[in-house]
Novice: 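I have a structure here, written as structure tokens, and I will follow up with some questions on it.
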Amino acid sequence: MQLYRDRKKQLRPFLSGIALAYVALDNITSGPFRDYLSQYFDLQEFGSNDREEYLYYMILFLGILQLVVTVQSIFLPVIEIIDSKIVLRTKEKILSVVKDTSEISNIEMKEDNFLRFTFGEKTYNVQIAEVPVIEIDKLMNLINLPEEE
């Protein structure tokens with residue numbers, strides 16, 4: 001079982017990444033948008049002002065970073081269960097957390113945006129804001145933790 005973020009909700013960050021990258025590349029290569037801006041602002045050749053140059057390289061970096069993160073969110077599952085292992089993508093760890101499903105002692109909703117998985121003393125929060133509720137219910141039924149008395 002694999003839980004992905006809703007792909008329709010990833011469209012806006014993807015388009016903003018494209019827009020940032022386009023604006024930066026257009027201004028670096030003196031494209032049509034830079035020509036349009038030069039009608040209203042006193043723009044010289046690109047590279048004649050260090051602050052402007054650093055600004056557009058930073059905008060390009062942010063646009064590419066936004067595209068990479070969005071594409072990663074589209075194609076990598078947030079939660080994945082393979083046989084008896086569970087793979088979690090969390091903000092606490094850079095790499096995915098891989099644990100055995102039998103080690104899960106508790107799963108709880110936290111503020112409607114996070115699922116808190118408890119493995120013994122370790123706790124991991126998984127952001128599920130863009131994951132459909134139906135998929136979360138299927139996950140909870142699949143794991144089916146024993147009730148404590």
Side-chain angles (χ1 to χ4, degrees), residues 1-41 43-101 103-104 106-143:
M1 173 179 209
Q2 298 175 339
L3 274 79
Y4 292 95
R5 288 188 172 92
D6 189 9
R7 288 185 169 99
K8 291 179 183 176
K9 292 183 180 178
Q10 298 299 318
L11 183 63
R12 184 173 182 225
F14 183 74
L15 292 177
S16 68
I18 288 175
L20 286 172
Y22 171 76
V23 166
L25 287 174
D26 184 78
N27 278 287
I28 290 170
T29 60
S30 298
F33 186 65
R34 184 170 178 88
D35 293 339
Y36 176 75
L37 288 177
S38 65
Q39 293 175 0
Y40 299 102
F41 301 107
L43 296 178
Q44 299 166 354
E45 289 295 319
F46 183 79
S48 62
N49 186 346
D50 287 339
R51 286 185 288 177
E52 178 191 20
E53 189 174 350
Y54 290 132
L55 172 70
Y56 285 117
Y57 283 126
M58 186 177 73
I59 291 172
L60 178 63
F61 171 74
L62 292 175
I64 291 173
L65 182 66
Q66 182 74 36
L67 287 172
V68 168
V69 168
T70 304
V71 169
Q72 181 184 15
S73 294
I74 290 172
F75 292 111
L76 289 179
V78 178
I79 301 170
E80 184 176 14
I81 298 177
I82 304 169
D83 295 330
S84 64
K85 299 285 185 189
I86 187 165
V87 180
L88 306 172
R89 286 185 50 212
T90 67
K91 290 184 177 181
E92 291 102 9
K93 298 284 186 176
I94 295 173
L95 300 174
S96 297
V97 176
V98 180
K99 296 282 188 178
D100 195 34
T101 54
E103 295 178 22
I104 300 174
N106 191 14
I107 301 175
E108 61 183 350
M109 292 288 289
K110 180 183 168 190
E111 302 170 8
D112 294 333
N113 291 333
F114 291 95
L115 266 180
R116 178 178 280 173
F117 288 85
T118 306
F119 299 93
E121 296 101 30
K122 295 263 183 176
T123 302
Y124 300 103
N125 294 318
V126 178
Q127 186 174 11
I128 55 166
E130 283 114 19
V131 177
V133 177
I134 296 169
E135 296 293 322
I136 296 169
D137 290 338
K138 288 179 186 176
L139 172 75
M140 299 297 261
N141 290 334
L142 181 68
I143 293 179

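The residues of the chain are indexed from 1 along the displayed sequence.
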Novice: Would you indicate whether Phe14, at its atom CZ, is surrounded by more than 12 heavy atoms from other residues, nucleotides or ligands within a distance under 6.0 Å?
Specialist: no

Novice: In Å and rounded to the nearest 0.5 Å, what is the CD1 to CD1 distance from Ile59 to Ile64?
Specialist: 12.5 Å

Novice: Does Ile79 reach the side chain of Phe117, with side-chain heavy atoms less than 4.5 Å apart?
Specialist: yes

Novice: Out of curiosity, Leu88 CG to Ile81 CD1, how far, rounded to the nearest 0.5 Å?
Specialist: 9.0 Å

Novice: Within a strict 4.5 Å, meaning less than it, do heavy atoms of the Tyr4 and Ile74 side chains meet?
Specialist: no

Novice: With sequence neighbours left out, which residue pairs that include part of residues 79-88 fulfil the salt bridge (charged side-chain N to carboxylate O under 4.0 Å, His left out) condition?
Specialist: none

Novice: Any heavy-atom pair between the side chains of Ile28 and Tyr57 that's under 4.5 Å?
Specialist: yes

Novice: Between side-chain atoms of residues 124-140 and protein atoms elsewhere (two or more places apart, or another chain), which donor-acceptor pairs fall under 3.5 Å?
Specialist:
| unit_1 | atom_1 | unit_2 | atom_2 | d |
| --- | --- | --- | --- | --- |
| Asn125 | OD1 | Arg116 | NE | 3.4 |
| Asn125 | ND2 | Glu92 | OE2 | 3.4 |

Novice: Got a second to check how far Thr29's OG1 is from Tyr56's OH, nearest 0.5 Å?
Specialist: 11.5 Å

Novice: Heavy-atom distance under 4.5 Å between the side chains of Phe119 and Ile104, does that happen here?
Specialist: yes

Novice: For Leu25, what residues pass the side-chain contact (heavy atoms from CB on, under 4.5 Å) criterion, not counting sequence neighbours?
Specialist: Leu60

Novice: Could you tell me which non-hydrogen atom of Asp26 sits nearest to which non-hydrogen atom of Pro32, and how far apart they are?
Specialist: OD1-CD, 3.0 Å

Novice: Please enumerate all residues that pass side-chain contact (heavy atoms from CB on, under 4.5 Å) together with Gln66, with sequence neighbours excluded.
Specialist: Pro13, Ser16, Thr70

Novice: Between CG of Asp35 and CG of Asn27, what distance do you get to the nearest 0.5 Å?
Specialist: 9.5 Å

Novice: Can you list the residues that meet the side chain to side chain donor-acceptor pair (under 3.5 Å) rule with Asn113, with sequence neighbours excluded?
Specialist: none

Novice: For the residue pair Ser73 and Arg5, what are the closest heavy atoms and their distance?
Specialist: OG-NH1, 3.7 Å

Novice: State which residues pass ring-ring contact (aromatic ring centres under 6.0 Å, His included) with Tyr40; sequence neighbours excluded, sorted by chain then number.
Specialist: Tyr36

